[in-house]
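Working notes, beginning with the structure itself.
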Number of protein chains: 2
Amino acid sequence: MSYEDVFKDDLEFLDRALHEFLPSAEIYPQTLHQAMRYAVLGGGKRFRPVMVLAACETLGGTRQQAVFPAVALEFIHCYSLVQDDLPALDNDDLRRGQPTCHRKYGEATALLASDGLLTLAFELLARVKPAERAVQLVAEISTAAGTCGMIGGQSADLEAVSKAPDSALLDFVNIHKTGKLIKASAVSGALAAGADPESLRRIERYGESVGLAFQCVDDLQDGDGYLRYMTYGELNEKTRTLLKNARQEVAIFGAQAAKLVFLADFLEQRIPVKAT
Amino acid sequence: MSYEDVFKDDLEFLDRALHEFLPSAEIYPQTLHQAMRYAVLGGGKRFRPVMVLAACETLGGTRQQAVFPAVALEFIHCYSLVQDDLPALDNDDLRRGQPTCHRKYGEATALLASDGLLTLAFELLARVKPAERAVQLVAEISTAAGTCGMIGGQSADLEAVSKAPDSALLDFVNIHKTGKLIKASAVSGALAAGADPESLRRIERYGESVGLAFQCVDDLQDGDGYLRYMTYGELNEKTRTLLKNARQEVAIFGAQAAKLVFLADFLEQRIPVKAT
């Protein structure tokens, strides 16, 4: 079964939710809202919000319980992509084969659109009931997106470019820039389902392992990053161990964790076979 | 009494709180955290957080109850200043006589620092107790900072530059770009104090009037903005009426509203006497 088959209903549900919670392109200022929609609705695997739904389902929650954190995390992911592409950072002209947001709407509007997405993420989280759960989600996601999370990772990444990076710096970048938001996706799904502390801790460790494995798979595909410090064989083994640990953490939930297990399998299948 | 005299204790309290809630410059990634501190600790009137404290005091709340929204609103104000100064927007080299954040730390770090401030604002709001109050504050402040608030005003401002603006567009820009965050400051102070609905509504109208008057005073000082559509006399009268209305809204609270009244007086005293 492909990713698209396994998550067909989830992806359709998310697509509707993203459309619904983005400001309409008819609302003033239209260009700003169009740029936000362009940044989000241009496709992508939706790995993070799918993981939110999967974690929530694992603990007996419904999609509707998970919809606000799922959409919020995708908005935050997209805001980070828009900013990554800006001239001050990676200066990219294309993303997924289309002009990047600032190439299409100009730098100023792209920047404001990215701000709008980050801000809207928190506006949506405030709509979660009960209030205690909303606050848990705001705390978890703001920390994961902040300077001790994703933003900190991006900043460390800038440093890594300007000086000879070592493997400790690379670990920091990967855990923070990519890993923290993926871990927060798993945790948010669990929080949305009202997880007990022990289940929450399991899902947290699952998210931590998958978050780091996500970046390792990228490096194995691109031949970069960790492969500057490890052999292919070492990184291959590290990645498979992380994914195995992730699956073991959620094995206790049986069939209800099928989608979380599939997400780990999906990453493992993307590990390229090394040309010999 | 000067602004600094009236708010001496509040400003000292805020200064300590801003120092405390900003990430330490010793924490990795240091440059990022230094840039955030630079963006916030370089001075300024602290008009918004002072208003949060004043509104909270008016309704019988303590400074400690108001500290998280006060600091959060100042962080959001500072994030907007850092971004305003960027080359893609106003391209300013100086702010308050010092190099702007991107001139000192580079564009990429300045951008990440501004993101860090916005994100940290919500992290702090999640610490407000009880949870219901935290959620009210996240909802109020995210809406005021978002595309139907400050970001929307900035976007409309870009449009106003590129085409002949009319007075309706100017109203939109001023109400949204400046006014919404000032209104949110008053409302947040009231929410932090656990305001009843009728008091909250009064404080809201106060904040709305002062927020718009704030921009009018700027225009009277700069000879720009509204003065392209109104005579000095008309804008002078409009501004004084707004401030009078603001004071009337809070008159019912008597001496407890003294600081809110002073903030309106303070703006009125800044209206320049027209050279005749």
Side-chain angles (χ1 to χ4, degrees), chain A residues 23 27-29 31-33 35-36 76 79-80 83 86-89 102 106-116 118-128 130-143 145-156 158-159 172 176, chain B residues 23 27-29 31-33 35-36 76 79-80 83 86-89 102 106-116 118-128 130-143 145-156 158-159 172 176:
Chain A
I27 295 176
Y28 187 80
T31 313
L32 177 66
H33 292 143
M36 288 168 72
I76 290 174
Y79 124 84
S80 78
Q83 292 202 0
L86 286 173
L89 289 146
H102 71 277
E107 240 184 285
T109 296
L111 179 57
L112 295 175
S114 73
D115 295 336
L118 177 59
T119 309
L120 182 54
F122 292 108
E123 203 176 326
L124 291 180
L125 292 176
R127 292 167 64 178
V128 170
E132 285 76 11
R133 199 165 292 172
V135 168
Q136 287 177 318
L137 288 165
V138 170
E140 171 68 27
I141 292 173
S142 61
T143 306
T147 67
C148 295
M150 185 177 72
I151 295 289
Q154 303 238 17
S155 178
L158 290 177
E159 239 180 77
F172 185 93
H176 289 76
Chain B
I27 295 175
Y28 188 80
T31 313
L32 177 65
H33 293 143
M36 289 169 71
I76 290 175
Y79 122 86
S80 79
Q83 292 203 358
L86 287 172
L89 289 145
H102 70 278
E107 240 185 285
T109 296
L111 178 57
L112 294 175
S114 73
D115 295 337
L118 176 59
T119 308
L120 182 53
F122 292 108
E123 204 175 326
L124 291 180
L125 292 175
R127 292 167 62 177
V128 171
E132 286 75 12
R133 200 165 291 171
V135 168
Q136 287 177 317
L137 289 165
V138 171
E140 171 68 26
I141 292 173
S142 61
T143 306
T147 67
C148 296
M150 185 178 72
I151 294 290
Q154 302 237 19
S155 178
L158 289 177
E159 239 181 77
F172 185 93
H176 289 75

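Within every chain, numbering begins at 1; the chains are lettered A, B, ... in the order of the sequence lines, protein sequences first and strands thereafter.
Heavy-atom pairs under 4.5 Å with chain A were tallied for Glu132(B), His102(B), Met150(B); the largest tally goes to Glu132(B). Of all the listed residues (Thr109(B), Leu118(B), Ile76(B)), the one sharing the greatest number of non-hydrogen pairs under 4.5 Å with chain A is Leu118(B). Top candidate by heavy-atom pairs under 4.5 Å with chain B, chosen from Gly116(A), Gly152(A), Ala134(A), is Gly152(A). Of the listed residues Thr143(B), Asp115(B), Thr31(B), the one with more heavy-atom pairs under 4.5 angstrom with chain A than any other is Asp115(B).
If you measure heavy-atom distances from Met36(B) to chain A, the contacts under 4.5 Å come from the side chain alone. Residue His176(B) does not touch chain A at all, counting heavy-atom pairs closer than 4.5 Å. Heavy atoms closer than 4.5 Å to chain B are found in both the backbone and the side chain of Ile151(A).
Heavy-atom minimum distance, Ala156(A) versus Pro29(B): N-CG, 4.4 Å. The two residues Ala88(B) and Ala108(A) come nearest to each other via the heavy atoms O-CB, 3.6 Å. Closest heavy-atom contact between Val135(A) and Ala131(B): CG2-O, 3.7 Å. The minimum heavy-atom distance linking Thr119(B) with Ser142(A) is given by the pair CG2-O, 3.2 Å.
Atom CD in Glu107(A) sits 8.5 Å away from atom CG in Leu86(B) (nearest 0.5 Å). Taken to the nearest 0.5 Å, the SG atom of Cys148(A) stands 9.0 Å off from the CG atom of Leu32(B).
Side-chain contact between Thr147(B) and Leu120(A) is absent, with no heavy-atom pair separated by less than 4.5 Å. The shortest distance between side-chain heavy atoms of Leu111(B) and Leu89(A) falls below 4.5 Å. Glu159(B) has its side chain within reach of Tyr28(A): a pair of non-hydrogen atoms, C-beta onward, lies under 4.5 Å apart.
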